[in-house]
Amino acid sequence: MNLFKLFSGFIFAFLAISAVTVAQIPLYTFPIDDGTKSYYVTGGNGVKIFVDEKGDPSKTTIIFSSGFLTSRTSWDPQWFDPELYENFHLVRYDFRGMGNSDKPTTNSHSIDLNTVPSTTYMGNTDANPYSLDLKSADLFALINKLSSEYDFKEKKIVLVGWSTGTPVSLNFMKNYPDIKIDGLVSVAGFVNNTGRELNEKVVPYFLNIVNPQDNFGEVISGLDGIYRSTSFKPLSDELHAFFLGNSVTAPYEYRVSAVVPYSLTEFYSTLNIPTLHIIGEQDIITDMEHSLYFASLGQNVETIIYKDVGHCILWENIKEFNKDLINFVNKI
Ligand SMILES: *[C@@H]1O[C@H](CO)[C@@H](O)[C@H](O)[C@H]1NC(C)=O
């Protein structure tokens, strides 16, 4: 059989169909030219971090750090809410390994779960290219760039973290105590990943995404399972595909970084800035027990629990979430 002929016919048919499909079914309805300013900053060890900025720079700056395996676009429901961008200065960015940011890898697939992967990037060798410290250095680079443009003596910064975006925000405050942060919002956030067991429903999915062979099929089925467990009511097919599509760009080194232990419990107990904990009662990724434990450590804490909401709070309960976020930032 002439395989080439078969394939070229197949490719042609695929292109023709996809062109029609893209033209007819827009997946995304938000305006393209919405005033977002996008650029790169150079983060830890030379890694380029992609940043979006929007809103009124004279107002309080809200910096959104997304969750594990998600890009900055997971904040779309907040980004396109005029109540937020007309009253605040919004900043979101892609973690290293996600979206448009650089994705350092080991460039080898001799992967062994017992050894933390290391990368050489811009002449620097990192034991874990996706460590909390490097992610915090990226956030520092971003805030450094903002402070060269805006006077943070005159205005405030609030950090908002979803899921693992919270330990990144906390670790940033721990590593860079000279930068004044005025408030913190934990959205289904973690304070440590030690001494707790994952919900048994999601354990196989997380094992799939860190399988030592980095088997494509297993990784995809793990990611698929994770995004089917992230909300209480199922995500629409479109939204599921959106999250899945964002997550597949993460290299193995990013995925496996989730198993590196960390604890910010001690640091968080010393923090006295206003902190809002937003919790989904049905969350099986950051379970209620962990969320309440985290909140109990704080000194200046407000806690809001949403019923019938899972881990994907920012999409599952957009109206209330945005309203509660605005109220909190306005009080600071
Ligand atoms: C981490 O969190 C859990 C609750 O999820 C808690 O039981 C445990 O003691 C914490 N570990 C550390 C080291 O603080």
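Because the structure is a prediction, the values reported are computed rather than measured. For the numbers below, each heavy atom of this structure counts, side chains included, while hydrogens, waters and symmetry mates do not. Every number for a ligand or one of its atoms is a count from 1 in the order of the listing.
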### Summary
among protein heavy atoms, the one nearest atom 1 (C) of ligand 1 is N192 ND2, 1.6 Å
### Task
Check each atom of ligand 1 against the heavy atoms of H290 and keep those under 4.0 Å away; list them by number with element.
2 (O), 4 (C), 5 (O)
### Message
Checking a contact table here: which protein heavy atom is nearest atom 6 (C) of ligand 1, and how many Å away?
### Response
Y293 CZ, 3.7 Å
### Message
Let's go through S101 and Y40 carefully: what are the C-alpha distance in whole Å and the side-chain angles of both, what is the deciding distance for side-chain hydrogen bond (donor to acceptor under 3.5 Å, both in side chains) to 0.1 Å, and is it a yes or a no?
### Response
CA-CA 8 Å; S101 290; Y40 283 94; over 6 Å; no
### Between W315 and F242, ring centroids under 6.0 Å
yes
### Message
Closer than 4.0 Å to some heavy atom of T194 - which atoms of ligand 1 meet that?
### Response
1 (C), 2 (O), 10 (C), 11 (N), 12 (C), 13 (C)
#### Entry: Protein contact of atom 7 (O) of ligand 1 - nearest heavy atom, named by residue and atom, plus distance
G195 O, 4.1 Å
### Task
Flag this pair as yes if the NZ/CZ of K103 is under 6.0 angstrom from the six-membered ring centre of Y254 and inside a 45 degree cone about the axis; otherwise no.
no
### Task
With H277 as reference, evaluate Y293, F328, Y306, Y268 under the ring-ring contact (aromatic ring centres under 6.0 Å, His included) test and give the passing residue.
Y268
#### Entry: Distance filter under 4.0 Å to T265 heavy atoms, resulting ligand 1 atoms
14 (O)
### Query
Is there a donor-acceptor pair closer than 3.5 Å between any side-chain N or O of H89 and the backbone N or O of I63?
no
